[in-house]
*Asks:* 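Please read through the structure below; I'll follow up with questions.
All figures in this text were calculated on a predicted structure; none of them were measured in a lab. Whatever order the structure lists ligands and atoms in, that order sets their numbers, starting from 1.
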Amino acid sequence: MTESKTENLDVVVIGAGFAGLYALYQFRDVLGLNVRAFEAGDGVGGTWYFNRYPGARCDSESFYYSYSFSEELQQEWTWSSKYPEQPEILKYLEHVADRFDLEKDIQLSTKVVSAVFDEAIAKWTVKTDRGDTLVTQFVVTAVGCLSAANMPDIPGRDDFEGVSCHTGAWPAAGVDFKGKRVALIGTGSSGIQSTPVIAEQADSLTVFQRTPNYTVPTRNKKLTPEATAWIKDNYTGIRELTRETAAGFPYHPIERSAFDVTEEEREEIFERLWQEGGFKFMWGSFNDLMQNKDANDLAAEFIRKKIREMVKDPVTAEKLCPTDHPWGSKRPPIDTDYFVTFNRDNVELVDIKEEPIEAITPKGVRTAKGEYAVDTIVYATGFDAMTGSLLKIEIEGLGGQTLAEKWSAGPRTYLGLQVAGFPNLFTITGPGSPSVLMNMPVAIEQHVNWISDCIQHMRDTGATRIEANLDAENKWVEHVNEAAQATLFYEAKSWYLGVNIPGKPRVFMPYVGGGKNYSDICDGVVEKGYEGFELAS
Ligand code: NA7
C-alpha cells in the first residue's frame, strides 16, 4: 500500500488496453468528463502488454485491427506487415496513449480490488490495491476478454526448480531458451504461435497436447508502400465495411454453400484460400461451415489432409489431426510453420490423452509413461475467458449482491453492456456481446460509443442512474443461448463455453448473432428510449 487518496470522479475505467484507452479518450476528451483509468500492468496495452511470448502476433490484419476514431491517427501510423507481431501492436497502443495525452489520467501498476454501489447517492466507491478510494458516478470495465491467465492446478507445479511462465503473463524481461530443454503445455493460439519460435531457440522442445487443433497458415507479408498508400486512401470505406459485417472484417462473406459447388471446385477453393492464408479460409469459402456439420466436415478433412502432407512421421501426424470437434467451434488459430515444426529433430509431441500429466516434479513433467526432464515450462494454457477478470474484482451492486453471486450459474447481462442490479456499471465487450467473435477494436469502439452516447443522453435529460431491467436481461440471455445453439459452437469443449476452467458453469458467453446485427439491436434500443433500461434521476 502506498499513500491513501480519495477522489471524486465521473467515470472510473478499469483497464488500459485497446478498450480502456479509447474509453478514456472518449469520456474525457469528447464528453468532457472527469475520468481516471486504472491498469494492473506497468505500462498500457492490456493483452498486448502481457502476451509478449515468442511468436505472439495478431490474427486480424493490421489495417483493420486498429482504431478508426481518429483520421489523423490512422494517417500517421504505418503498419509494417499484414499481421504484426506483439511489439509493434504494443508500440501502436503506446503511441495512442502518448498522442492523446492519456497517460496523465492512467494510474499504472494498480489493480482495482472492489467497487461497491451506494444506492443513496447512486455512486460507486472503488478501491485499489494501492490504497486509493474513488467515488464515481460510473464504472466502465475494460478488463479484456482474455486476460485472466489460467494456470492449471497440476500437482507439484510450485515445486519445479526451473523457469515457469504463462504465455498470457509473460515476463517483461523475456525468457532465454538458448541451450534449454523446454516443455510447452497447451496447443491453442498461443501454443501454436510460440512452438515454432521456441523450437528454433531451444535445445529441445516437448509439446504436451490435450486436444489437437485446426490451424490455417497466416502467410504474413510486409505491406508495400503501394499497399499502405491504398489503405490510407481508403480508410473511410474500410472502416464502414467493418461495421457492416458480422465479424468486423472489411470483407463481405461469400454467400455460397459448400454443397453449391462440385468436389473439384470445393478443393480448388479451399486450396486457394489455404495458399492465401488467414481467416479468409472461413468467411471466404462457404457460408454454412458453422451451421452444417456435413459442410464443416469437408473443411476439417481438408485441414487434416494438409497436416498429413506436412508432418513426415505418420504417427505424429495422426496425433496432430483434430477429430473431436468441428473446425471453428473452438477459436481457430492461424499459424506460421506450426505443423512442419514437428519434423524437427529437437521437437517431440506428447499426447496427454494417451499419457496424462500426473505431476510437475522439481525436474520436469511426469506423465503416466515417465518423466520428461526440462529446464523451462511454458504454460500456454489459456484464460478464464470473459468473466475471469471481472470476477477477480469484488463488485457489489444493489442489496449487497456481488457479481460473483449474480453470475454463480454463469454470466447474465443485457446486451453484454449492463447487469441488472448493478446500476451505472458498463462492461465493454462483456459476456453476451459479440466481443471475441469479432475483430476486437470494432467491437470495442461500438461499445464505447454506445456507452458514451448513453452517458451524454443522461446528462442531457438529467438522469443520474441507469440500470438494465431484469426482464430485458432474462430475454437477452435466452436469445444469446438460442443463437449459439443453432450453430456448431456447442459441439466443442471451448473457452467460449467456459469448459476449459474446472467448475466454471457451462454457458456460451459471446453473442453469435453477428456484429452488424448486434449494433442494429443496440441502436434500436436507443431509438425506443433505451428500451430494457431504467433511467432515473
Ligand atoms: P486457449 O485457446 O484456451 O488454449 C489453451 C490450450 O491449453 C488448449 O490447447 C488447452 O487444451 C490447453 N490446456 C488448458 N488447460 C490444460 C491443462 N490443465 N492441461 C493440459 N492442457 C491444457 O488459449 P490461448 O492462450 O492459446 O489462446 C487464447 C486466445 O488468444 C485465442 O483463442 C485467441 O483469441 C487469442 P484443450 O483444448 O482445452 O483441451
Side-chain angles (χ1 to χ4, degrees), residues 17-18 46-48 50-60 65 83 86 89 144-157 165-170 183-195 206-216 218 247-248 279 319-320 322-325 327-335 338 349-360 365-368 372 377-386 388-389 429 434-440 443 489 491-504 506 509-510:
F18 253 103
T47 287
W48 297 105
F50 287 106
N51 284 263
R52 36 180 100 208
Y53 59 84
R57 72 168 76 239
C58 189
D59 291 346
S60 296
Y65 189 85
Y83 300 97
Q86 172 271 337
I89 305 174
C145 295
L146 294 157
S147 45
N150 168 38
M151 271 303 251
D153 202 8
I154 304 173
R157 197 189 72 198
C165 40
H166 189 285
T167 48
W170 202 255
L184 182 144
I185 304 174
T187 52
S189 291
S190 307
I192 282 175
Q193 285 185 335
S194 50
T195 288
T206 309
V207 177
F208 293 82
Q209 169 190 275
R210 186 163 72 180
T211 312
N213 218 331
Y214 302 95
T215 160
V216 170
T218 305
F279 284 142
K319 285 183 185 169
L320 287 165
T323 50
D324 77 331
H325 63 283
W327 174 67
S329 57
K330 288 184 164 191
R331 161 67 155 72
I334 60 175
D335 74 277
Y338 176 64
L349 180 70
V350 174
D351 178 348
I352 64 170
K353 285 217 167 105
E354 246 176 56
E355 46 174 311
I357 296 177
E358 290 178 342
I360 304 294
V365 181
R366 196 182 74 227
T367 70
Y372 295 82
I377 302 178
V378 175
Y379 293 90
T381 42
F383 301 89
D384 183 354
M386 304 205 69
S389 294
T429 61
S435 56
V436 291
L437 298 178
M438 281 186 78
N439 172 31
M440 285 304 277
F489 281 109
E491 296 194 20
K493 293 180 181 160
S494 68
W495 56 255
Y496 295 140
L497 269 162
V499 183
N500 64 325
I501 302 296
K504 188 165 174 170
R506 193 174 172 144
M509 294 180 284

*Asks:* For Gly168 versus Asn51, what's the shortest heavy-atom pair and its separation?
*Replies:* CA-OD1, 3.4 Å

*Asks:* Check each protein residue for a heavy atom under 4.0 Å from ligand 1 and list those that pass, ordered by chain and number.
*Replies:* Leu146, Asn150, Pro152, Ile185, Gly186, Thr187, Gly188, Ser189, Ser190, Arg210, Thr211, Lys330, Arg331, Ile352, Ala380, Thr381, Gly382, Phe383, Trp495

*Asks:* Are the aromatic rings of Tyr65 and Phe18 close, with centres under 6.0 Å apart?
*Replies:* yes

*Asks:* Side chain to side chain contact (heavy atoms under 4.5 Å, CB included) with Pro510: which residues, sequence neighbours excluded?
*Replies:* Met386, Ser435, Val436, Leu437, Tyr496, Phe508

*Asks:* From Leu184 CG over to Cys165 SG, what is the distance, rounded to the nearest 0.5 angstrom?
*Replies:* 9.0 Å

*Asks:* Under the side chain to side chain contact (heavy atoms under 4.5 Å, CB included) rule, collect the residues that match up with Ala148, sequence neighbours excluded.
*Replies:* Asp384, Ser389, Lys392

*Asks:* Return a table of donor-acceptor pairs under 3.5 angstrom between the side chains of residues 207-214 and protein atoms on other chains or two or more places apart.
*Replies:*
unit_1: Gln209; atom_1: NE2; unit_2: Lys319; atom_2: O; d: 2.8
unit_1: Asn213; atom_1: ND2; unit_2: Thr187; atom_2: O; d: 2.8
unit_1: Tyr214; atom_1: OH; unit_2: Arg304; atom_2: NH1; d: 3.4
unit_1: Tyr214; atom_1: OH; unit_2: His325; atom_2: O; d: 2.8

